[in-house]
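Data block below; observations after.
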Amino acid sequence: MGTKLAQLLLCFWITLPFCITEKVKERSARQRDTEFTDKYQTCMQGVPGVQGRDGNPGINGIPGTPGIPGRDGLKGEKGECVTERFEDPWKSNFKQCAWNSLNYGIDLGKIAECTFTKQRSDSALRVLFSGSLRLKCKTACCQRWYFTFNGAECTGPLPIESIIYLDQGSPELNSTINIHRTSTVEGLCDGIQAGLVDVGIWVGTCADYPRGDASTGWNSVSRVIIEELPK
């Protein structure tokens, strides 16, 4: 028993230095590896490279799901009441009165009349008389053909008229100077109220001149055309 103990102690004292030496060697080798790594494996920073070009645009992503509807806003203040006028689209409104061989020989007064229904007060009336006119006299004379609206001449802006003046008359009223020509009296009149309008064509004298022998609508058709136009 004593002998075995002595052998173990002897072995321990023999191997202890060897173990210590190995530990020291192992620690020294690890330290050298660390110093080598720190010395030779620490790289210096190089020159920055050239910046790369932009990449190609990516494709559109998948549309997202609809969001949750927002809540109702606050109630607004009560607005003012505004009355708007919505007018109907403009519709044509015209009329024609015609006479065959009117052959009216008066020198003063109304020749013919045509009644028209005007739809709006803010519109204008276009009137036209077309027919044969003649003037005959021994000395200088002048006759005037004009329109009236409900018995009064146009004032918006001026009368609608046409005249014939004869300077060198014939020796007698029934001389051969007896020319009938188709002529027109035409114009626009504003300021006429809506409703029935009596449109008349008249003949009269010119200012500062005597009247002659007038004739209207001889041996031909005479007509009055009335048309309502927007302003």
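When a residue number appears, it is its place in the shown sequence, counting from 1.
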> Under 4.5 Å between any side-chain heavy atoms of Tyr104 and Lys110, yes or no?
Replying inline: no

> What pair of heavy atoms forms the shortest contact from Lys95 to Phe116, and how long is it?
Replying inline: CB-CD1, 3.7 Å

> Going from CZ on Phe94 to CD1 on Ile225, what distance comes out if it is rounded to the nearest 0.5 angstrom?
Replying inline: 9.5 Å

> Quick one: does Arg134's side chain get under 4.5 Å of Arg181's, heavy atoms only?
Replying inline: no

> Which of these passes side chain to side chain contact (heavy atoms under 4.5 Å, CB included) with Leu133: Thr182, Thr184, Ile164, Ile163?
Replying inline: Ile164

>> Please determine whether residues Trp145 and Leu188 belong to a single hydrophobic cluster, defined as Ile, Leu, Val, Met, Phe, Trp and Tyr linked transitively by side-chain heavy-atom distances below 4.5 Å.
In response: no

>> Are Ile201 and Leu128 connected into the same hydrophobic cluster when the rule is that any two of I, L, V, M, F, W, Y join if their side-chain heavy atoms are below 4.5 Å apart?
In response: no

> So, the side chain of Asp107 versus the backbone of Asp213: is there a donor-acceptor pair under 3.5 Å, distance only?
Replying inline: no

> What heavy-atom pair brings Cys154 and Asp190 nearest, and what distance separates the two atoms?
Replying inline: SG-N, 4.5 Å

>> Testing the basics here: between Gly217 and Ser222, what is the closest heavy-atom pair and its distance to 0.1 Å?
In response: CA-OG, 3.3 Å

> In terms of hydrophobic clustering (I, L, V, M, F, W, Y; side-chain heavy atoms under 4.5 Å; direct or indirect links), are Ile106 and Val224 co-clustered?
Replying inline: yes

> Minimum heavy-atom separation for Ala194 to Ser121, with atom names?
Replying inline: N-OG, 3.1 Å

> Among Leu158, Ile160, Thr155, Val127, which residue meets the side chain to side chain contact (heavy atoms under 4.5 Å, CB included) test with Cys189?
Replying inline: Ile160

>> Between Phe147 and Phe129, is the ring centroid distance below 6.0 Å?
In response: no

> If you look at every heavy atom in Asn150 and Val197, which pair is closest and at what distance?
Replying inline: OD1-CA, 3.5 Å

> More than 12 non-hydrogen atoms from neighbouring residues, nucleotides or ligands closer than 6.0 Å to NZ on Lys231, yes or no?
Replying inline: yes

>> For the backbone of Thr216 and the side chain of Ser132, can you confirm whether one donor and one acceptor N or O come within less than 3.5 Å of each other?
In response: no

>> Within this structure, what is the CD1-OG distance for the pair Ile179 and Ser215, rounded to the nearest 0.5 Å?
In response: 13.0 Å

> Hey, mind stepping through Lys118 and Ser123 against side-chain hydrogen bond (donor to acceptor under 3.5 Å, both in side chains) and telling me if it holds?
Replying inline: CA-CA 9 Å; Lys118 193 170 184 287; Ser123 61; 2.9 Å; yes

> What are the two closest heavy atoms between Ala140 and Pro210, and how far apart are they?
Replying inline: O-CG, 3.3 Å

>> Nearest 0.5 angstrom please: Arg211 CZ to Thr205 OG1, how far?
In response: 8.5 Å

> Under the 3.5 angstrom rule, does the side chain of Glu227 hit a backbone N or O of Leu125 as a donor-acceptor pair?
Replying inline: no

>> Check Arg223 with Glu186, please: is the shortest side-chain N to carboxylate O separation under 4.0 Å?
In response: no

> For atom OH of Tyr165, is the number of surrounding heavy atoms from other residues, nucleotides or ligands below 6.0 Å larger than 12?
Replying inline: yes

>> Measuring from atom CH2 of Trp218 to atom CG of Asn178, what distance do you get when rounded to the nearest 0.5 angstrom?
In response: 8.0 Å

>> What verdict does the side chain to side chain contact (heavy atoms under 4.5 Å, CB included) test give for Trp90 and Arg120, after you've listed the backbone C-alpha separation in whole Å, the side-chain angles of each residue and the deciding distance to 0.1 Å?
In response: CA-CA 10 Å; Trp90 183 266; Arg120 304 189 184 192; 3.7 Å; yes

>> Checking Val199 against Thr115 for the side chain to side chain contact (heavy atoms under 4.5 Å, CB included) test, could you report, in this order, the C-alpha distance in whole Å, the side-chain angles of both residues, the deciding distance, and whether it holds?
In response: CA-CA 6 Å; Val199 179; Thr115 302; over 6 Å; no

> Does a side-chain heavy-atom distance below 4.5 Å link Gln143 with Val203?
Replying inline: yes

> How far apart are the C-alpha atoms of Ser101 and Asn219, what are their side-chain angles, what is the distance that settles it, and do they pass the side-chain hydrogen bond (donor to acceptor under 3.5 Å, both in side chains) test?
Replying inline: CA-CA 5 Å; Ser101 297; Asn219 198 30; 4.5 Å; no

> In terms of ring plane angle, is the pair Trp202 and Tyr146 parallel, tilted or perpendicular, where the classes change at 30° and 60°?
Replying inline: parallel

>> Donor-acceptor pair, distance only, cut-off 3.5 Å: does the side chain of Asp122 make one with the backbone of Pro230?
In response: no

